[in-house]
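See structure below.
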Protein chains: 2
Amino acid sequence: MGATKTEHFTDKQNAMAGIAKALGHPARIAIIDYLLKVDTCICGDIVNELPLAQPTISQHLKELKNAGLIKGTIEGTAVCYCIDEKTLEKFQNYFKNIANKLEKKKNNCC
Amino acid sequence: MGATKTEHFTDKQNAMAGIAKALGHPARIAIIDYLLKVDTCICGDIVNELPLAQPTISQHLKELKNAGLIKGTIEGTAVCYCIDEKTLEKFQNYFKNIANKLEKKKNNCC
DNA sequence: AACATTTATCGTAATATTGCAATATAATAA
DNA sequence: TTATTATATTGCAATATTACGATAAATGTT
């Protein structure tokens, strides 16, 4: 087939997978990195930073936005993008929880 | 085209994207969840837990293993899989770093 | 208005992923 | 040895992703 069977998994699982998927491309990680590096919130000069064409960057930005990882506000001709902390926090909490559970077990396996 | 241009990004970016990509599927999140839930380290009854055929599960396990997120040791006929904390920690640290940097900026954007 | 600038969308080719049936492999049991 | 059980691999169809040229849309400038 080829399509992910999302309906068989919990909302939480689909949500976490969705965020992870959005982060699952080096260009999108690079965009996040860049947004962190620059002090002022960034517009479209990500195109100059990354070795990808403008439509490709725009597409990656869209995916990050759909996943809730960044948000953008129109500012004149340009669009100002920045990291959306809420989603990142949700994602981070998921892993914090995993780490906590693992700590309790203390490697009683493999 | 269609292939990711990994060569244009840093090793770190590719590494983080690789881990995220492996986590970017609900079935693989579900596998991680399941590995956490069961006290004893798990073998192949993940097949009974998830609504996917055995070859599909095996494939997902392989991807998680390739990403370093789980490790498996042969135990008779079965294979005992469990979470590899080191990779998870690396991933978590990446986000902890992001959160720290964001804290310093205190939303001076968008 | 005409033009420049910035970002988004469309269309499309190349490639990757997802899922499974069939089959192979490996270890144990009878 | 012959089953049995557990997992992996192969091959393939359906679908998704990646990347980009061409073009559109929106705003600002002259």
Side-chain angles (χ1 to χ4, degrees), chain A residues 1-9 13-14 17-31 34-35 40-67 70-82 110, chain B residues 1-9 13-14 17-31 34-35 40-67 70-82 110:
Chain A
M1 315 282 157
T4 298
K5 292 187 162 182
T6 47
E7 69 275 15
H8 293 309
F9 304 100
Q13 286 168 343
N14 281 314
I19 299 171
K21 194 176 187 178
L23 291 167
H25 192 291
R28 294 194 287 267
I29 291 283
I31 289 173
Y34 185 64
L35 281 171
T40 79
C41 187
I42 218 46
C43 357
D45 43 16
I46 304 171
V47 174
N48 298 317
E49 191 75 8
L50 298 186
L52 294 167
Q54 181 268 322
T56 309
I57 302 280
S58 185
Q59 204 172 262
H60 283 308
L61 285 168
K62 192 180 174 185
E63 267 170 84
L64 285 170
K65 205 163 96 185
N66 283 343
I70 63 174
K71 48 189 172 179
T73 51
I74 294 165
E75 200 150 287
T77 331
V79 173
C80 169
Y81 280 115
C82 70
C110 292
Chain B
M1 317 275 153
T4 298
K5 292 187 160 181
T6 48
E7 69 276 14
H8 293 308
F9 304 100
Q13 286 168 343
N14 281 312
I19 299 171
K21 193 175 187 179
L23 291 167
H25 192 290
R28 295 195 286 268
I29 291 283
I31 289 172
Y34 186 63
L35 281 171
T40 78
C41 185
I42 216 47
C43 358
D45 43 17
I46 304 171
V47 175
N48 298 316
E49 191 74 7
L50 298 186
L52 293 168
Q54 180 268 322
T56 308
I57 302 280
S58 184
Q59 203 173 263
H60 283 309
L61 285 168
K62 192 179 172 184
E63 266 170 86
L64 285 170
K65 206 163 94 184
N66 284 344
I70 62 173
K71 48 189 172 179
T73 51
I74 295 165
E75 200 151 287
T77 333
V79 172
C80 169
Y81 280 114
C82 71
C110 291

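- Atom-to-atom, NE2 of A:His8 to C1' of C:dG19 comes out at 11 Å; the value is rounded to the nearest Å.
- Among all heavy-atom pairs drawn from A:Pro26 and B:Thr6, the shortest one is CG-CG2, 4.5 Å.
- Rounded to an integer number of Å, the gap from B:Phe9 CZ to D:dT18 P is 11 Å.
- In this structure, A:Lys21 reaches the D:dT17 phosphate: one of its side-chain N or O atoms is under 4.0 Å from OP1 or OP2.
- Applying the 4.0 Å criterion to OP1 and OP2 of C:dT9, one finds that A:Lys62 has a side-chain N or O inside that range.
- A sub-4.0 Å separation between OP1 or OP2 of D:dA8 and a side-chain N or O of B:Tyr81 is present.
- Note: NE2 (B:His25) to P (D:dT15) measures 15 Å, nearest angstrom.
- Of all heavy-atom pairs spanning A:Ala67 and A:Ile19, the tightest one is O-CG1, 4.3 Å.
- Comparing B:Gly24 and A:Gln59, the nucleotide of DNA chain C nearest to each residue sits closer to the 5' end for A:Gln59.
- Across all their heavy atoms, A:Ala22 and A:Leu64 have their closest contact at O-CD2, 4.0 Å.
- By the 30° and 60° cut-offs, the orientation of the rings of B:Phe9 relative to A:His25 is perpendicular.
- The interatomic distance linking A:Asn14 (CG) with C:dT18 (P) rounds to 13 Å, in whole Å.
- The distance from atom CG of A:Leu23 to atom P of D:dT18 is 12 Å, rounded to the nearest whole Å.
- At a non-hydrogen distance threshold of 4.0 Å, B:Leu52, B:Ala53, B:Pro55, B:Thr56 from residues 48-58 of chain B come into contact with DNA chain C.
- Atom CG in B:Leu61 sits about 15 Å away from atom P in D:dA6, given to the nearest Å.
- For residues 54-67 of chain A, the salt bridge (Lys or Arg N to Asp or Glu O under 4.0 Å) pairs, not counting sequence neighbours, are A:Arg28-A:Glu63.
- For B:Leu64 and C:dT17, the CG to C1' distance is 14 Å, given to the nearest whole Å.
- For C:dG19, the OP1/OP2 oxygens have a side-chain nitrogen or oxygen of B:His60 closer than 4.0 Å.
- In this structure, the CD atom of B:Glu63 is 10 Å from the C1' atom of C:dA16, given to the nearest Å.
- Remark: B:Gln54 pairs with no residue by the side chain to side chain donor-acceptor pair (under 3.5 Å) rule, at least two apart or across chains.
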| message | The test is side-chain contact (heavy atoms from CB on, under 4.5 Å); show your working for A:His60 and A:Leu50 and say whether it passes. | response | CA-CA 12 Å; A:His60 283 308; A:Leu50 298 186; over 6 Å; no
